[in-house]
Structures are given as C-alpha cells and as structure tokens.
Visitor: 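First the structure, then my questions, so here it is.
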Amino acid sequence: MEKRKGITERFSEDCAGGRVWLVGAGPSDPGLFTLKGKQVLETADVVVYDALAGQEILSMIPENAKKIYVGKRSSHHTMPQEQISRLLVREAKEGRRVVRLKGGDPFLFGRGGEEAEELIRHGIPFEVVPGVTSAISVPAYQGIPVTHRDLCSSVHIITGHKRAGAAYDIDFEALVRTGGTLVFLMGVTALGDICRGLLAAGMDPEMPAALLIRGTTAHQRRIVASVSTLEEEVNRQGAQTPAIIVVGRVCALAEEFSWYGKMPLGGVKVLLTRPKELIRETAVKLRMLGAEVLEFPAIRTRKRQGNVRLYEALENIRAYGWLVFTSPAGVRIFFEEMQSVRMDVRSLGQIKIAVIGRGSARELEKYGLYADMMPEIYDGAHLGAALAQAVQPGERILIPRASGGSRELIQELSGHEVDDIPTYDTVFEEASGAEWIGELKNGGIDYVMFTSSSTVRGFVQAAGDMDFSVVRAICIGEQTRQTAKSFGMRTWMSEEAGTDSLIRCLMEVHQREEELCLSGSL
C-alpha cells in the first residue's frame, strides 16, 4: 500500500499551478491556531492577511513569503473585498501557494464564501482550513460558557455589522423567543441599537449582557451589566475593538468561572529577544503560565564558513587540555564543524570541558558529554577565574565562541596558552515596521526579556528612536543588566543565568508591581 503523504509533501506537489488556502487564524492566541493551519502557513509563498490575525500567528509566516495586508476595521478598509478576491486569483494564477489568513473562521462572517466563489469562477483549486471562532473562544477565556445545562440550551451567532444609515435586518423578536445565548460579532459601534432592539422585542431589561474586549490576549477585559445598562456602562468605562457582545443568563457566571486572570502571568504581555533557535522553549513555558508572548529574535548566529583556524585546532585537538564553551550556539556549531570533518566525540580523548552556564551544559549533554566545570556565577570573569585555578601548567585551552566575546574571560587566563577562535558572528535582526515597536512605545508590552548584552543592543537597534525608560527589562546576568540600564531601561536581574530563573524573576517582579498598583503606590 502506498504510504500516505504528509501535508507538506502534498502542499508542494499540488501547487504546481497555484492554489489557495482559506485559513482561519482563530481569535489571537496562537495556542488556538489549528495544527493544519500552522502547517499550511509555514509553506506559503504569499500570505494575504487581515487585521484580526494575531501577532504571534503572523510571526509564523516564512521570511521569504510575500505578505499582503488587507485589514478591515470599522469605517476603514485597506482593500475592498472585490479586490481581495481578485488578488487571490492573480497570485494563484502565477503559480504561487497562497494563504488567505483570516481572524476566527473563514466561513463565519469572514466573507470566505465570496472568495471561494471567485476562485471557482476562475478555476483555481482551493482548500478551507476552519478556525476557532471568537464567538465561542472569547467568552470561554472570560469565564462565560455560551451554553449551560441550567441556563440555556442554544447559542446564536449574529453579525452586528450593518451598512451606514441602514436598518438592522435582524428579527430581534425571534432571537428573544429562543431564550438562548446571543453572540454579536462586529457590533461595537451598534451596541446601543442592538440593546434597544432586544428590549423593544420584549427581552427582560435585567438580562445579563457583556462586552468582551481584545479576547484571548493578555490585555483582554470584560464589561458585564444588563441589557438595559450595558451601553451606559461601556460609555463610562470605554471600549476598544476588537470586541464582541454576549447577551444571556450565562454572562452572570463570568466572575465565578473566571480563570485566565488567575494564572501566574495572566494579563502579562512579554517580548522575547532570544535567538530563534532558543526562543521557543522559553515561549512555551511563559504561555503555560498564562503570558501572551511576542517573539522577536533580536539576534541570530551566523556560522563562519571555511574556518581555517578552527580546522587546524580540530586537527590537533589532543594537544588541548581544556575545551571551553560560552554559549549553547558555540557548543552546537563546534560539533557541527567536527562532524563536517568526520570527527566524533571519541576524538576529544581526555580533554576536559568547561561551560559558562546551564544552557551550554544542557546543549553539551545532547552530544553525550558532561561539563567538568561550571562557575557558580555564569559570566566570563567567573568562568575565567575558575579555569585559571584548575588549568595545569602547560595545558592549552581552546575557546570556540562568538566573535567579539567578553574580554574578561581572556584577561583572567593571562599567562596561559589560549586559542580564542571565533566560530560564529552575532548579527542583529531587522524589525522595520514590526507592530511590536508601536505597541512598545504605547505601553502595550509589559516586559522585555534579555539573555545577553547582544540581545539588548539588537533590540535597541530594531526599536529605533524611542524613550527606552518605558521598557521593563528582565535580564540574565549583571553584564546584560548594565547594558539595558545604559539605555535607560528599568531593570531586574534573575538570581541565576538560566531560563527558569529568568521566568521566576519575571513572576516575582509582576507580583510586586501588581501589589503596588493595588495599593496605589505605582
């Protein structure tokens, strides 16, 4: 029997003449993006996306894919729907794999049906990848079950959008008679009309109702009142889009069933700046604690090609008494280069290995090796001091690491024979036009996490001209903290130079800041 092909293989083979995927991105939380949606997105040539696709989901778009923004907000359309449909056809006809990425579900008020009609008209093959709708997920994140055995047995999803000056084409009396939960999407500007329509149709004025704002994000919030007072309460508290309206007895459960804000980092938005190959593990841990995470790898490592000095050192590896690693990337690249010249760990013989910290130690263990030395304080000066005491007279030291590494390590080893060989360069990433920059300036990002001075400098270069005193920086190590301070950031430092310690530091800082806010001291 022929082996069933994976989605990536099928994606590539089926697209010789161009193809379109109508993909639902869900409400915003990347954990609610479907596996199929992610797989399709990561192999796209072109991504046509709207305003409701979450920032973290947009970060999954391949770097080489063409990105076309066609977002729609109330009273402002970047591109009319007819042009969007024609755009999909044109890109597919040029032989490209096109993903039309929509917030929520493409066939629930997402106008995916109109786009499908246009694709069929032009003979363009397409697939639909359903998404998690905000009508169910956003209430769930706010502690509102849209159905409940004791309260209601049906849920009704209605578009709250109407053309300017036109009357609602909604049978409010029929909705009231159902006795079910009513969810209005895209209805913020018409909140008053919706509430008045329900009251005029006979709904109990005391029926619980809620406006749910920026659902499934760190800064989500809810305004709960009755159908007769919701508009007044929203005007008093203020509201932003996107938001949905929920009407029904289940809204009264919001406070009791609330869960998201009770998570250790619920309501916290964090920007991660680690290199791409290291960022995901930290992001997963933060999300498990309730944080919303934006990933911006401020730096990346670029391996040096044709590294003659390193190859000469590998040829004479048994002449060294110590091998020293100052980063996980240094470990990985060293062993990649060993493999490129057909050497394995047996070639290291009796050489002793020192690492700067736990991250490097864990990376080393992937190759079946354990460090002989790791300083109590994870920085170059303490590593150098520990080595200086341990190295025997005549033992040579090999340090394959980043170019421009800390000089403190070498200074501590003066008087010893050291081969300090750059194996990779640290390159700052570009972030021109990135949404997080504006959000950072406006206070929309609560904390930025830094794991090295290089990530601080890369972040600063990407952010451009701004007042960095608004940045609350959670830092690994004193050197990283001092670099962040030099740009005027508010800084805190983890007790240890490890991811878990960094996250504990964030949790402690957040708790103190929350306590200060509650006491009115902040």
Side-chain angles (χ1 to χ4, degrees), residues 28-31 33 53-61 63 214 216-220 263-300 426-477 480-481 483-494 498-510 513-514:
S28 184
D29 185 336
F33 191 31
Q55 291 172 302
E56 295 175 80
I57 293 169
L58 295 178
S59 71
M60 300 176 191
I61 298 173
E63 291 182 8
R214 300 182 69 180
T216 81
T217 71
H219 299 146
Q220 67 175 22
M263 299 180 76
L265 292 176
V268 174
K269 191 164 189 174
V270 183
L271 181 68
L272 285 185
T273 60
R274 299 193 80 183
K276 195 166 189 176
E277 62 271 17
L278 302 172
I279 207 167
R280 290 299 162 90
E281 181 184 349
T282 309
V284 167
K285 290 179 178 179
L286 287 168
R287 289 180 182 126
M288 290 292 287
L289 293 166
E292 181 181 357
V293 182
L294 293 181
E295 298 178 16
F296 170 62
I299 60 173
R300 59 185 167 88
T426 300
V427 181
F428 294 158
E429 292 283 18
E430 295 292 330
S432 177
E435 288 187 15
W436 65 259
I437 296 175
E439 199 167 357
L440 184 73
K441 292 178 179 179
N442 296 327
I445 294 174
D446 299 299
Y447 301 96
V448 184
M449 297 182 82
F450 296 110
T451 54
S452 67
S453 291
S454 296
T455 59
V456 177
R457 289 190 289 269
F459 165 82
V460 167
Q461 180 171 302
D465 184 23
M466 67 169 287
D467 177 9
F468 288 104
S469 66
V470 302
V471 176
R472 293 189 283 188
I474 310 297
C475 305
I476 276 184
T480 304
R481 183 179 190 176
T483 305
K485 271 188 172 181
S486 71
F487 292 101
M489 302 178 195
R490 293 176 61 195
T491 63
W492 294 267
M493 187 179 77
S494 60
T499 299
D500 291 341
S501 182
L502 193 68
I503 292 173
R504 282 196 299 273
C505 178
L506 169 62
M507 292 171 64
E508 290 165 3
V509 169
H510 174 60
E513 299 261 303
E514 287 283 283

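All figures in this text were calculated on a predicted structure; none of them were measured in a lab.
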Visitor: Evaluate the criterion side-chain contact (heavy atoms from CB on, under 4.5 Å) for residue pair Thr499 and Ile503; output intermediate values, then yes/no.
Guide: CA-CA 6 Å; Thr499 299; Ile503 292 173; 4.0 Å; yes
Visitor: Looking at Cys505, is its backbone amide N or carbonyl O close enough to the side chain of Ser494 to form a donor-acceptor pair, meaning the two atoms are under 3.5 Å apart?
Guide: no
Visitor: To the nearest 0.5 Å, tell me how far Ile474 CD1 sits from Phe450 CZ.
Guide: 10.0 Å
Visitor: Quick one: side-chain contact (heavy atoms from CB on, under 4.5 Å) partners of Ser59, sequence neighbours excluded?
Guide: none
Visitor: Taking atom CE of Met263 as the centre, does the number of heavy atoms from other residues, nucleotides or ligands within less than 6.0 Å exceed 12?
Guide: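 Enclosed: over 12 neighbouring heavy atoms sit under 6.0 Å from CE of Met263.
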Visitor: Does Glu439 reach the side chain of Leu271, with side-chain heavy atoms less than 4.5 Å apart?
Guide: no
Visitor: Test of understanding: with side-chain contact (heavy atoms from CB on, under 4.5 Å), list the residues that count as partners of Ala298, not counting sequence neighbours.
Guide: Thr273, Phe296, Phe459
Visitor: Any side chain to side chain donor-acceptor pair (under 3.5 Å) pairs touching residues 457-468, not counting sequence neighbours?
Guide: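 Applying side chain to side chain donor-acceptor pair (under 3.5 Å) to every pair that reaches into residues 457-468, excluding sequence neighbours, yields Asp467-Ser469.
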Visitor: On a heavy-atom basis, which atom in Thr483 and which in Ser453 lie closest, and how many Å separate them?
Guide: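 That would be OG1-OG, 2.8 Å.
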Visitor: Closer than 3.5 angstrom, by distance alone: can the side chain of Asp29 be matched with the main-chain N or O of Gly31 as a donor-acceptor pair?
Guide: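 Pair found, side chain donor or acceptor close to backbone of Gly31.
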Visitor: Who are the side-chain contact (heavy atoms from CB on, under 4.5 Å) partners of Ala291, not counting sequence neighbours?
Guide: Leu265, Val270, Leu286, Val293
Visitor: Run the salt bridge (charged side-chain N to carboxylate O under 4.0 Å, His left out) check on Glu281 and Lys285 step by step: do they pass?
Guide: CA-CA 7 Å; Glu281 181 184 349; Lys285 290 179 178 179; 3.5 Å; yes
Visitor: So which atom in Gly54 and which in Ser28 form the shortest heavy-atom distance, rounded to 0.1 Å?
Guide: CA-OG, 3.8 Å
Visitor: Return the set of residues passing side-chain contact (heavy atoms from CB on, under 4.5 Å) with Pro30 (not counting sequence neighbours), or none when no residue passes.
Guide: Glu56, Ile57, Met60, Arg287
Visitor: Sequence neighbours left out, what passes salt bridge (charged side-chain N to carboxylate O under 4.0 Å, His left out) with Asp446? Give chain and number order.
Guide: Arg472
Visitor: Below 4.5 Å, heavy atoms only, C-beta onward: do Glu295 and Arg280 meet side chain to side chain?
Guide: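 The answer is yes, as the side chains (C-beta and beyond) meet within the 4.5 Å cut-off.
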Visitor: Do Leu502 and Thr282 touch side chain to side chain, with heavy atoms closer than 4.5 Å?
Guide: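 They are not in contact (no side-chain heavy atoms under 4.5 Å apart), so the answer is no.
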